[in-house]
Amino acid sequence: MTRPAVNVAVRAARSAGNVILRYMNRIDGLNVVEKQRMDFASEVDRLAEAEIVKELRRAYPNHAILAEEGGAIGKSPLVWVIDPLDGTHNYLRGIPHFSVSIAMLDKGEPVYAVVFDPLRDELFTASKGDGAYLNDRRIRVSKRENLNGAMIGTGFPYRQRAHLESQLAMTRALLAQAEDIRRSGSAALDLAYTAAGRYDGFFEIGLKPWDMAAGVLLVREAGGQYCDFAGRDGIPESGNVIAGNHHVVKAMVEAVGANATPALLRA
């Protein structure tokens, strides 16, 4: 049975998705702001976020919200974490790969998750203890037992170029065993794909809570694991995350950890 909070998040995600699709053919006319170097937000991000916040506040007025564009709203142990358009860079260039990500944290632990791809109408949902689903079909992480032949997702974040040499070394180490590495531009979808077994694993440096809160719960509820680069379970404060099935995560922690600087291995 779908939890009421997931139903609310699904409505919010679909409302945001409608905004995103409505403006797709008007990208050249959008008002785009560079929040910091190479970090862009458009009016679509803000309009989509407003739709999500409206739905969540209507259903749960006493819950707190942490949104990528609007920041923190209210105080509560129950916090909705929102990325209204994960993959803004793709969207603004007309690359058809982006998503809406919504999660609820209870005292920092993800308990509900929705990742919605409005272009493909793919809806990934999860509730703690209830499993993970794609359009109401149960999903599971891949059964791959090691990195041999694995397909790995990652990102090269513009805010983390100081770690570029380490990241390239990690990528080299993984490619020595894996089949390939994909860099698609939406961490939320990468994690959803990992939960669905499309990717065998995922790693990235310096993600924000709204980038990964929904995706990591999807992975865990699909039978997988997420941790930081040193193998510590839970949402990493550092934002340096590894996810996948238990065998692949163990192998990735070894490969990534051997090429990470001490700064990247901190909690």
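The basis for the numbers below is simple: all heavy atoms, side chains too, and nothing from hydrogens, waters or symmetry mates.
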*Please check if any side-chain donor atom of N62 sits under 3.5 Å from a side-chain acceptor atom of S76, or the reverse.*
no
_Going by the rule ring-ring contact (aromatic ring centres under 6.0 Å, His included), which residues pair with Y199 if we only count those two or more places apart in sequence or in a different chain?_
Y193
*So do D121 and F116 actually touch side chain to side chain, heavy atoms under 4.5 Å?*
yes
_Looking at A188, is its backbone amide N or carbonyl O close enough to the side chain of D86 to form a donor-acceptor pair, meaning the two atoms are under 3.5 Å apart?_
yes
_Rounded distance [0.5 Å steps], CG in D83 versus CD1 in I102_ = 10.0 Å
*Are the side chains of D190 and S184 in touch, meaning some heavy atoms are under 4.5 Å apart?*
yes
Without placing hydrogens or testing angles, list every side-chain donor-acceptor pair under 3.5 Å for residues 248-267, not counting sequence neighbours.
{"unit_1": "K250", "atom_1": "NZ", "unit_2": "E254", "atom_2": "OE2", "d": "3.2"}
{"unit_1": "N259", "atom_1": "ND2", "unit_2": "A255", "atom_2": "O", "d": "2.8"}
{"unit_1": "T261", "atom_1": "OG1", "unit_2": "L264", "atom_2": "N", "d": "3.4"}

*Between H163 and N240, is any pair of side-chain heavy atoms under 4.5 Å apart?*
no
*Any idea which heavy atoms bring T154 and F203 closest together, and the distance?*
OG1-O, 2.7 Å
*Could you tell me whether E49 and R46 make a salt bridge, using a distance below 4.0 angstrom between a side-chain N and a carboxylate O?*
no
*asked:* The criterion is salt bridge (Lys or Arg N to Asp or Glu O under 4.0 Å); which residues satisfy it with D200, sequence neighbours excluded?
replied: R144
*Below 4.5 Å, heavy atoms only, C-beta onward: do M170 and F229 meet side chain to side chain?*
yes
*Can a salt bridge be assigned to the pair R198 and E122 using a cut-off of 4.0 Å between side-chain N and carboxylate O?*
yes
